[in-house]
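Since this is a predicted model, take the numbers as computed values, not measurements. Chain A is the first sequence line, chain B the second, and so forth, proteins listed ahead of strands; every chain is numbered from 1. Worth knowing before you read on, the calculation uses all heavy atoms, side chains too, and leaves out hydrogens, waters and symmetry mates.
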2 protein chains.
Amino acid sequence: MPAARDDLKHELVRSAPTSRDVARIAGVSHSAVSRAFTEGASISPRMRAKVIEAANALGYRPNLLARSLTTGRSKLIGVAAANLENNFVSHALELLCARLTDAGYQLLVHTAYRDSDVKESQLEELLRYKLHGMVLLTMRLPDKLAECCTREGVPIVYFNRPVSPTGLGFSVQAPNEEGGRQIARFLVEGGFRRLAFMAGHPDAYSSRQREAGFTDELARLGASPPIREIGDFVVATAMTAARRLLARPDRCDAIFCANDQMALASIAVAQSEFGLKVGKDLAVVGFGDVPMASWPNYALTTYAMPLAAMADEAVAFLLNERSPVSERRQVILPGKLIVRESAPARRDVR
Amino acid sequence: MPAARDDLKHELVRSAPTSRDVARIAGVSHSAVSRAFTEGASISPRMRAKVIEAANALGYRPNLLARSLTTGRSKLIGVAAANLENNFVSHALELLCARLTDAGYQLLVHTAYRDSDVKESQLEELLRYKLHGMVLLTMRLPDKLAECCTREGVPIVYFNRPVSPTGLGFSVQAPNEEGGRQIARFLVEGGFRRLAFMAGHPDAYSSRQREAGFTDELARLGASPPIREIGDFVVATAMTAARRLLARPDRCDAIFCANDQMALASIAVAQSEFGLKVGKDLAVVGFGDVPMASWPNYALTTYAMPLAAMADEAVAFLLNERSPVSERRQVILPGKLIVRESAPARRDVR
DNA sequence: AAATCTGTTGCACCCGGTTGCAAACCGAGG
DNA sequence: CCTCGGTTTGCAACCGGGTGCAACAGATTT
């Protein structure tokens, strides 16, 4: 009985009820339904109650595609994130998601696996959903696309990244330079003398700022400049860099890594391949304070980025009605140095 | 001159060109524009070329909200992921994203920070975007919602989770039970005798399967059953569990943890707090083979989940035209045991 | 009772695409 | 030159909601 099966199938995938269905049941016009679901629309309480009742009976919820089409803007926030392996990124993503879904927004995520440059075509694709806003998490945005966003009125949040020199947008950052400075003071005061710095991706602004603060403060204190290696923010590269650093005859007594991920990798190499006691033979300092930094086998001294506050700030900007697309604003939120055993406050003289 | 500024502003946020704009420029009807951008539509090559040219001149790209509205289905894939701190999850997310964006789909991500039960209302929200499909990554789906998806024709992929007993959907899993068995054989043959098992979340199917395979195979081999602790798949809990395990007078000589995250945590505790040499005094085995498992300070012996293959399979199902919503299918893809130093093939008798 | 005002309702059209259908087109065969 | 068949095109309706506007109701005023 193919007819019966057809019926069954039809029954199975019947699509969701529409506002006209609700209107018919409630005996009102479909605009009334629309108004019942619109905050502050011109509708009487009695009417609204009647509509809501019918809607509940049918399990009706307004189709967000249709709504977005008429309003010209969806409640989708595009998020471009590179390298989720980095806990800093994945944690930020979770924080953003929690706050934004609470406010009725959804995350349209694009992750470029270990590639910090967004492929233009891929991200352009996102824009076709008429995003409410855009967050760049550890990702660079081609100027052409940024311009495109601005033109279409899509505000951009640069998370832990500066706004590009020519573009517009809102940037929320950790005090990268100041953090570098504090770490320089901390190490010098602790009696460490032969310092090293492991840079992240050479173009990364955050890495450059941390380095600038670090070396500048060292110079101010009259300490000798650090040896430098590039870890690229990637674990494998960082491990190689750590090996090069530690194999030198004049081995450093402290390494400041431009992020935690590289610091953890350096500790791993120092302990396992060089038999060093981290915190005694060698101090390691990171930047970020990812959850793993507090694990007992790392106990990483690190500059804590104010991640939650940064997420709050980013969300506040995005949800701000008339978020000024044509604005260019940068915010830096305070963090703080967390001292653990990987780099004690006083060098153990021996 | 307020008028000029107004013009400027208007200029700044002028919305994207529509198909009618393109039609006007090209001197054709707007349906022609639509057809030019539709694979296999009835349109002559000359016409298509003319339209595409005009479209490029204007920078036109079809509005995906509108398209989805008429077709009744968006090209959005809902992904519900718990606990991105778990590298297994974030890695899977990256793999899915890479494959799906290549196929022109986008990910609508919902992450419930450390909460493996999807909040019903939140996920219901996702459905309002007329998803093409849904992926559950380490997340449970309330039956009511699953039913809702099925009714509306949204196929569900259960990633490393079984399909709920009453529901429909496609499940792609690692050989959890078989992996547990192999690990049991590996440890017994290696000469380990006092075994422990650290479970994940008590209700988690994957944890239960791994445990079942492990204990059953131990029994088959005549080995004594393992001591058992619960690590809940969460680092903090796993560390506490490891402390309890290792503090026992009759300390075990090998721990099998239901996932890598907990195994790494156990290694951290064993080394740092108990001064044990992992791989010598204590063997630790994980499940998953996350990137960190190969770090030199862990060198974790673990059962590698076929993550890439699983992602391929999931995507293939989702992209399959007429993906049968009313089907119930489960696939298990082969993994393999990766032996590293945390649990050597032969116990070092001492 | 008529006039006025405020608050509510429905009509109709819009958002930006897709698509069934009929008209227009084009070349080939009679 | 006309007819026939197949392709190509435009028209108009539609997807599901949002919203300006006019009609209308009910309360208040005069």
Side-chain angles (χ1 to χ4, degrees), chain A residues 13-52 54-55 58-75 104 125 127-132 152-153, chain B residues 13-52 54-55 58-76 104 127-132 152-153:
Chain A
V13 298
R14 80 162 165 284
S15 53
T18 74
S19 71
R20 328 233 171 201
D21 296 332
V22 177
R24 197 161 358 89
I25 299 290
V28 299
S29 77
H30 80 115
S31 1
V33 180
S34 169
R35 286 194 256 261
F37 282 89
T38 307
E39 194 80 20
S42 164
I43 187 174
S44 70
R46 275 193 348 103
M47 169 70 92
R48 175 167 272 152
K50 191 161 62 174
V51 170
I52 297 287
L58 260 63
Y60 166 78
R61 319 214 60 190
N63 178 333
L64 291 181
L65 293 173
R67 173 177 288 179
S68 305
L69 178 60
T70 45
T71 60
R73 179 117 314 173
S74 70
K75 287 210 158 197
E125 206 70 8
L127 246 24
R128 295 171 66 187
Y129 281 103
K130 304 296 156 189
L131 303 180
H132 176 97
E152 293 192 19
Chain B
V13 298
R14 75 163 169 285
S15 53
T18 75
S19 70
R20 329 234 170 196
D21 296 331
V22 177
R24 195 158 3 89
I25 298 290
V28 299
S29 77
H30 75 127
S31 0
V33 179
S34 170
R35 284 193 260 260
F37 283 90
T38 308
E39 194 81 19
S42 163
I43 186 174
S44 71
R46 276 196 344 104
M47 169 70 93
R48 173 167 273 150
K50 192 162 60 173
V51 170
I52 296 285
L58 262 61
Y60 166 78
R61 317 214 62 188
N63 178 332
L64 291 180
L65 293 172
R67 173 176 288 178
S68 306
L69 177 59
T70 46
T71 60
R73 178 116 316 173
S74 70
K75 287 208 159 197
L76 296 172
L127 246 25
R128 294 171 66 186
Y129 282 101
K130 304 296 155 189
L131 303 179
H132 177 98
E152 294 192 18

* Hey, could you give me each pair passing ring pair (Phe, Tyr, Trp, His ring centres under 6.0 Å) that has a residue in residues 14-33 of chain B? Not counting sequence neighbours. => none

* Taking only heavy atoms on the protein side, list every residue of residues 33-51 of chain A lying under 4.0 Å from any atom of DNA chain D, sorted numerically. => Ser34(A), Arg35(A)

* Heavy-atom pair of closest approach, residues Ser68(B) and Leu65(A) -> CB-CD1, 3.6 Å

* To do: Considering non-hydrogen atoms only, spot the tightest contact between Arg73(B) and Gly153(B) and give its length.
  => NH1-O, 2.7 Å

* Residues from residues 60-76 of chain B sitting under 4.0 Å of DNA chain D, heavy atoms only? -> Leu69(B), Thr70(B)

* Asked: Distance from Lys130(B) atom NZ to Leu64(A) atom CG, nearest 0.5 Å?
  -> 9.0 Å

* Shortest non-hydrogen separation from Val33(B) to Val51(B) and the atoms involved -> CA-CG1, 3.9 Å

* Structure fact -> Here the gap from Arg24(A) atom CZ to Ser29(A) atom OG, rounded to the nearest 0.5 Å, amounts to 13.5 Å

Every protein N/O lying under 3.5 Å from an N/O of nucleotides 22-24 of chain C:
none

* Measure from the side-chain N and O atoms of Arg35(A) to the backbone N and O of Ser44(A), and report whether any donor-acceptor pair falls under 3.5 Å. => no

* Decide yes or no for Arg61(B) and Glu125(A): does some side-chain heavy atom of the first lie under 4.5 Å from some side-chain heavy atom of the second? => yes

* Asked: So do the side chains of Thr18(B) and Asn63(B) get within less than 4.5 Å of each other, counting heavy atoms only?
  -> no

* Quantify the bending of the helix from dA1(C)-dT30(D) to dG30(C)-dC1(D) as the angle between its end axes, each fitted on five pairs, to 10°. => 60°

* Do you know which two heavy atoms are closest between Ser74(B) and Leu131(B), and how far apart they sit? -> OG-CA, 3.8 Å

* **Nearest heavy-atom neighbours spanning Tyr60(A) and Ser19(A)** => CE1-N, 3.4 Å

* Residue-level proximity of residues 22-31 of chain A to DNA chain D when a heavy atom falls under 4.0 Å -> His30(A), Ser31(A)

* Asked: Rounded to whole angstrom units, what separation is found between the OH atom of Tyr129(A) and the P atom of dC15(C)?
  -> 22 Å

* Asked: Could you give the distance from CZ (Arg48(A)) to OG1 (Thr38(A)), rounded to the nearest 0.5 Å?
  -> 7.5 Å

* To do: Report the distance from atom OG of Ser42(A) to atom CE of Met47(A), rounding to the nearest 0.5 Å.
  => 10.0 Å

* Nearest heavy-atom pair of His132(A) and Lys75(A): which atoms, and what distance? -> CB-CA, 4.5 Å

